[in-house]
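In what follows, a structure is listed as structure tokens, so that the remarks can point back to it.
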Amino acid sequence: MSSAADTAARLSAATSGLPAPVAVVDLDVFDTNALDILKRADGVPVRVASKSVRVRSLVERALGHGFAGVMAYSLREALWLVGEGMRDVLVGYPTVDREALAELAADPAARAQVTLMVDDVAHLGLIADAVEAAGAAGAAGAGGAGGAQGAGGTPVQVCLDVDCSLRVGVGPLTAHLGVRRSPLREPGEVAALATVAQAKGLAVRGLMFYEAQVAGLPDTSPAVRVVKRLTMREVNDRRVRILAAVRDAVGHDVELVNAGGTGSIEVSGSAPGVTEVTSGSGLFAPGLFDGYRSFESRPAAFFGLDVVREPAPGWVTAFSGGYAASGQAGKARLPRIFTPGYTLSGTEGAGEVQTPLRARRPDGGMLRTGDRVWLRHAKAGEMMERFDQVHLVRGTEVTETVPTYRGEHKNFG
């Protein structure tokens, strides 16, 4: 792999005629990352997480490499992607967007390709209401009886989200390790919701088990590695019991059992009952991935800023750059400087319109006014919300410039 200095110089050469701030993706690295993710999955289908990309052409590129299906983060996004020709789109989070649900219910083609995430009877009620309204509208238009499955007779498909946090302790002393997602945890709870979904005329297509504390945490800490082992042991046992309970409830095995993320592909993909894994951030390898030991993190996405002044010896200031990541506020959510030799200011960090950079050595660095400095976002797709377009680079050339979601005037939250 090229050194950071060589890569930074190559990106600067490729974008020398472009104004900054500028977003780039190194296609050679992106492609290598895509193939490595598929190799790590060892034959288990990999669904691409669109929220970690947010560039339609790059989602399509991952699919072209062999990724199978998309995990969208918004129903409106899913409807748009299906309208653009993508297939098998799983919405990774519940929705209460009544307008989008109405659009889905009224479109048989979309219902065949979109699967909604649910974990509450309230979600099922909203979906059923949309289906009923679409059926009534279809009946009125056709002068006949409406169907419980909406216009066209294709049922809306749902996937039940199961909590995969690790619970340690007893009673009020129980510690919750992981994210706060679904209220569904025990086999009986999941089966009961599946029963209600089926009774409302919805197709129970699958289950999702996202072990966030396994997939989303770097594995450099011994404590984190212990948490990951305990999580997988507990979730694997509970998943088998949940799948059996849902099968008894709906009368068939579900076809889709999703698990994991980039950081847990091997362990999630080989777990009992899992039919697919999801990955997206690994295509870009953002800053938060630097601590992983279980796979090689190869940065593919960068943003470049121009140095606009030199306020003191050993300091330069770049224009813009305050692209902090979501999550708990702190240093880990700030951009990483990729161009060697500099650090962010401890008092200013990455700024709204200017980002001071301090040379690591007392004798100063190499950057001067007019030079370009390269940074990486702490997370993956969030970077693309800052740019209308991203330049795809091979070697020292921009081979193509493509719009981001933002550049296509799509804002899904």
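- For the residue pair S165 and R185, the shortest heavy atom distance occurs at O-NH1, 3.0 Å.
- D107 places a side-chain N or O within 3.5 Å of a backbone atom of A109 that can act as its donor or acceptor partner.
- Taking CG of L18 as the start and NE2 of H391 as the end, the distance is 4.5 Å to the nearest 0.5 Å.
- Remark: D88 engages R205 in a salt bridge, criterion side-chain N to carboxylate O under 4.0 Å.
- A salt bridge does not link D129 to R98: none of the charged side-chain nitrogens sits closer than 4.0 Å to a carboxylate oxygen.
- Distance CZ/R61 to NE2/H65: 5.0 Å, rounded to 0.5 Å.
- Using a 4.0 Å cut-off between charged side-chain N and carboxylate O, E296 and R40 make no salt bridge.
- Contact annotation: the side chain of I242 approaches that of V246 to within less than 4.5 Å [non-hydrogen atoms, C-beta and beyond].
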Given F302 and T7, is the side chain to side chain contact (heavy atoms under 4.5 Å, CB included) satisfied, shown in steps?
CA-CA 10 Å; F302 310 87; T7 299; 4.3 Å; yes

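- You'll find the side chain of V156 reaches within 4.5 Å of the side chain of L104, heavy atoms only.
- Cation-pi contact between R76 and F412: absent, since separation from the ring centre below 6.0 Å together with deviation from the ring axis within 45° is not met.
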Using the salt bridge (charged side-chain N to carboxylate O under 4.0 Å, His left out) rule, take R298 and D26 through it: C-alpha gap first, then chi angles, then the decisive distance, then the call.
CA-CA 10 Å; R298 307 176 188 88; D26 188 323; over 6 Å; no

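- Taking CZ from R358 and OG1 from T343, the interatomic distance works out to 6.5 Å, rounded to the nearest 0.5 Å.
- Looking at every heavy atom in both residues, P335 comes nearest to G321 through CG-O, 3.7 Å.
- A donor-acceptor pair under 3.5 Å links the side-chain atoms of T275 to the main chain of V257, judged by distance alone.
- Within the 4.5 Å cutoff, the side chain of K200 has heavy atoms near those of the V196 side chain.
- Taking the side chain as every heavy atom from C-beta outward, W374 and V24 approach each other to under 4.5 Å.
- Between V118 and D161 the shortest side-chain heavy-atom distance does not fall below 4.5 Å.
- Dense packing is recorded around CG of D6, with more than 12 heavy atoms of other residues, nucleotides or ligands lying under 6.0 Å away.
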For side-chain hydrogen bond (donor to acceptor under 3.5 Å, both in side chains), just list the numbers for D388 and T404, CA-CA rounded to whole Å, side-chain angles, deciding distance to a tenth of an Å, and then say yes or no.
CA-CA 6 Å; D388 291 335; T404 61; 5.3 Å; no

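- Seen from the ring of Y73, R54 counts as a face-on cation partner, given the 6.0 Å and 45° thresholds.
- Using a distance-only test at 3.5 Å, with no hydrogens or angles considered, no donor-acceptor pair links the side chain of R360 to the main chain of G341.
- Under the 3.5 Å distance criterion, the side-chain polar atoms of R372 are matched with a main-chain donor or acceptor of T15.
- Side-chain contact, S270 with D42: no donor N or O sits under 3.5 Å from an acceptor N or O.
- To the nearest 0.5 Å, atom CG of residue L202 and atom CG of residue L116 are 8.5 Å apart.
- Other residues, nucleotides and ligands contribute over 12 non-hydrogen atoms within 6.0 Å of the CZ atom of R241.
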What do the steps show when you test Y405 against W80 for ring pair (Phe, Tyr, Trp, His ring centres under 6.0 Å), and what is the final call?
CA-CA 11 Å; Y405 276 18; W80 173 59; 5.1 Å; yes

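- Between W315 and S345, the shortest heavy-atom contact is CZ3-CB, 3.8 Å.
- With hydrogens and angles ignored, the 3.5 Å screen pairs a side-chain donor or acceptor of N33 with a backbone N or O of L283.
- Proximity of Y342 to L367: side-chain heavy atoms (C-beta onward) are separated by under 4.5 Å at one or more points.
- Checked by atom type, the side-chain pair T317/E310 shows no donor-acceptor distance below 3.5 Å.
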In residues 393-400, what donor-acceptor pairs under 3.5 Å come from side-chain atoms, sequence neighbours left out?
{"residue": "R394", "atom": "NH1", "partner": "D28", "partner atom": "OD1", "Å": "2.4"}
{"residue": "R394", "atom": "NH2", "partner": "D31", "partner atom": "OD2", "Å": "3.2"}
{"residue": "T399", "atom": "OG1", "partner": "L392", "partner atom": "O", "Å": "3.3"}

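- Residues that satisfy the side chain to side chain contact (heavy atoms under 4.5 Å, CB included) test with P21, not counting sequence neighbours, are L305, F319, S320, Y323, F387.
- For the pair P272 and V240, the tightest heavy-atom approach, listed with the atom from each and the gap, is CB-CG2, 3.9 Å.
- Residues G263 and F295 share a closest heavy-atom pair of CA-CE2, 3.9 Å.
- Contact detail for S326 and K379: the closest heavy-atom pair is OG-NZ, 3.2 Å.
- You'll find the side chain of L58 reaches within 4.5 Å of the side chain of F284, heavy atoms only.
- For the atom pair R181 CZ and Y93 OH, the distance stands at 5.5 Å (nearest 0.5 Å).
- H409 NE2: 12 or fewer foreign heavy atoms inside a 6.0 Å radius.
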Any chance you could lay out the side-chain hydrogen bond (donor to acceptor under 3.5 Å, both in side chains) test for R406 and Q389, step after step, and finish with the verdict?
CA-CA 8 Å; R406 170 174 148 168; Q389 57 189 15; over 6 Å; no

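- Distance check: K410 NZ to E385 CD gives 13.0 Å after rounding to the nearest 0.5 Å.
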